[in-house]
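A short write-up of the structure that comes next.
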Amino acid sequence: MTGGNTALNIGALFTEVFGISSPIYLPWGRTLQDYDPGKYIGVTTIPDAEAEAYSWMGTPVIGTFTLDGNKQYSTYNPDGSRGTMNMASFPMPYATIVDFSRSMNCSKTKVLGVHGTVKEVYGLDDWKINIRGFCIADKSREGYKTVAEQVNALCKFRKVTEAVGVTGSIFNNKEIYSIVIDNISFNPIQGNSSVVPFTIEATSDNPYELTL
């Protein structure tokens, strides 16, 4: 299957695939012509100091993150035995959106003749993390430049049977340094092989050592 599209409207793809209304527009693969931007009123720009990376167009990117590599990630061999695998770090594509939610570990007991409930709070639950984005060919990346390479890397991380390290301010600012990948899915767009949408459902993980 071949795709003839040379430009991708990322904002429209987020709306079409994930139902997210986004003002983002990236004319991916299109050569931009010089033009006079004119004067804009009420537009807030991002200081260069806040930019964590820059796209192939030179625009600042905020909220980038990386799945950390490890030479000793645990996995299962085809025969069911435990093994290890060597994974290189994988910077997530810039066309990625992450949702975070966290509830309280709380037990509620109904009491006769009392309005409401008695609540016993045990602590905070894990962060529930929903990562949605698109694998897109990007020659400006140091590695994983093609769609196939990015999809293959995500599939390999799916084989890891322990928490995966994660580096990026949107995670680390929430004190999340490792996640467990609960589920990953790919939903190809009909008639367009130049982009592959993906969804990752994950849970935050904190290392605890138990002494018996």
Side-chain angles (χ1 to χ4, degrees), residues 8-26 28 44-47 50-55 59-70 73 87 89-106 108 121-138 141 144 147 150-190 192 194-207:
L8 300 173
N9 187 332
I10 303 300
L13 286 176
F14 270 109
T15 301
E16 176 184 350
V17 178
F18 301 119
I20 299 175
S21 298
S22 172
I24 301 173
Y25 175 71
L26 292 180
W28 209 271
T44 302
T45 60
I46 299 175
E50 296 183 14
E52 299 177 0
Y54 289 89
S55 70
T59 55
V61 180
I62 292 179
T64 62
F65 66 98
T66 299
L67 299 181
D68 298 338
N70 192 323
Y73 270 135
M87 292 293 301
S89 295
F90 177 65
M92 295 295 290
Y94 293 153
T96 302
I97 291 179
V98 186
D99 300 327
F100 297 89
S101 64
R102 193 180 198 185
S103 59
M104 188 78 72
N105 286 328
C106 179
K108 299 180 181 180
V121 178
Y122 302 102
L124 292 171
D125 200 353
D126 298 322
W127 283 98
K128 303 300 182 184
I129 305 164
N130 192 24
I131 305 171
R132 292 171 289 181
F134 301 94
C135 294
I136 303 173
D138 185 355
R141 292 171 61 98
Y144 308 104
V147 174
Q150 295 170 30
V151 171
N152 184 52
L154 291 175
C155 289
K156 286 185 177 180
F157 271 102
R158 170 65 285 191
K159 296 180 181 179
V160 174
T161 57
E162 63 175 300
V164 175
V166 61
T167 301
S169 61
I170 60 172
F171 283 87
N172 301 159
N173 288 346
K174 300 175 181 63
E175 299 182 345
I176 303 174
Y177 300 97
S178 58
I179 60 174
V180 173
I181 299 176
D182 301 319
N183 183 58
I184 184 170
S185 60
F186 299 95
N187 304 289
I189 301 174
Q190 184 176 4
N192 190 346
S194 59
V195 55
V196 175
F198 64 86
T199 300
I200 299 174
E201 297 174 8
T203 306
S204 64
D205 183 71
N206 293 322

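Only this structure's heavy atoms are used, side chains among them; waters, hydrogens and symmetry mates stay out. It should be emphasised that the depicted structure is a prediction, and the values quoted were computed from it without experimental measurement.
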side-chain contact (heavy atoms from CB on, under 4.5 Å) between Asn172 and Thr167, intermediate numbers included: CA-CA 7 Å; Asn172 301 159; Thr167 301; 4.2 Å; yes
Any non-hydrogen side-chain atom of [X] less than 4.5 Å from a side-chain atom of [Y]?
X	Y	answer
Thr96	Phe198	yes
Asn70	Val160	no
Cys135	Leu154	yes
Asp99	Arg132	yes
Met92	Val98	no
Lys174	Arg102	no

Heavy-atom closest contact (Ile136 atom, Ala95 atom, distance):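 Smallest interatomic distance, heavy atoms only, reads CD1-CB, 4.1 Å.
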How many angstroms lie between [atom1] in [X] and [atom2] in [Y], if you round to the nearest 0.5 Å?
X	Y	atom1	atom2	answer
Thr199	Phe186	OG1	CZ	9.5 Å
Thr203	Ile181	OG1	CD1	10.5 Å
Tyr73	Thr161	OH	OG1	11.0 Å
Arg158	Asp182	CZ	CG	7.5 Å
Ile179	Ser204	CD1	OG	9.5 Å
Gln150	Asp138	CD	CG	7.5 Å

Ile176 vs Phe100, side-chain contact (heavy atoms from CB on, under 4.5 Å): CA-CA, chis, key distance, verdict: CA-CA 11 Å; Ile176 303 174; Phe100 297 89; 4.0 Å; yes
Phe90 and Tyr144 aromatic ring geometry - parallel, tilted or perpendicular at 30°/60° bounds: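 Perpendicular.
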Mutual orientation of the aromatic rings belonging to Phe171 and Phe65 [parallel < 30°, tilted 30-60°, perpendicular > 60°]: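 The rings of Phe171 and Phe65 sit tilted, inter-plane angle from 30° to 60°.
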Expected output: side-chain Ser178 to main-chain Asp205 donor-acceptor under 3.5 Å: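 Yes: the side chain of Ser178 pairs with the backbone of Asp205.
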Quick one: side chains of residues 123-130, donor-acceptor pairs under 3.5 Å with protein atoms, not counting sequence neighbours, listed by atom name and distance.
none

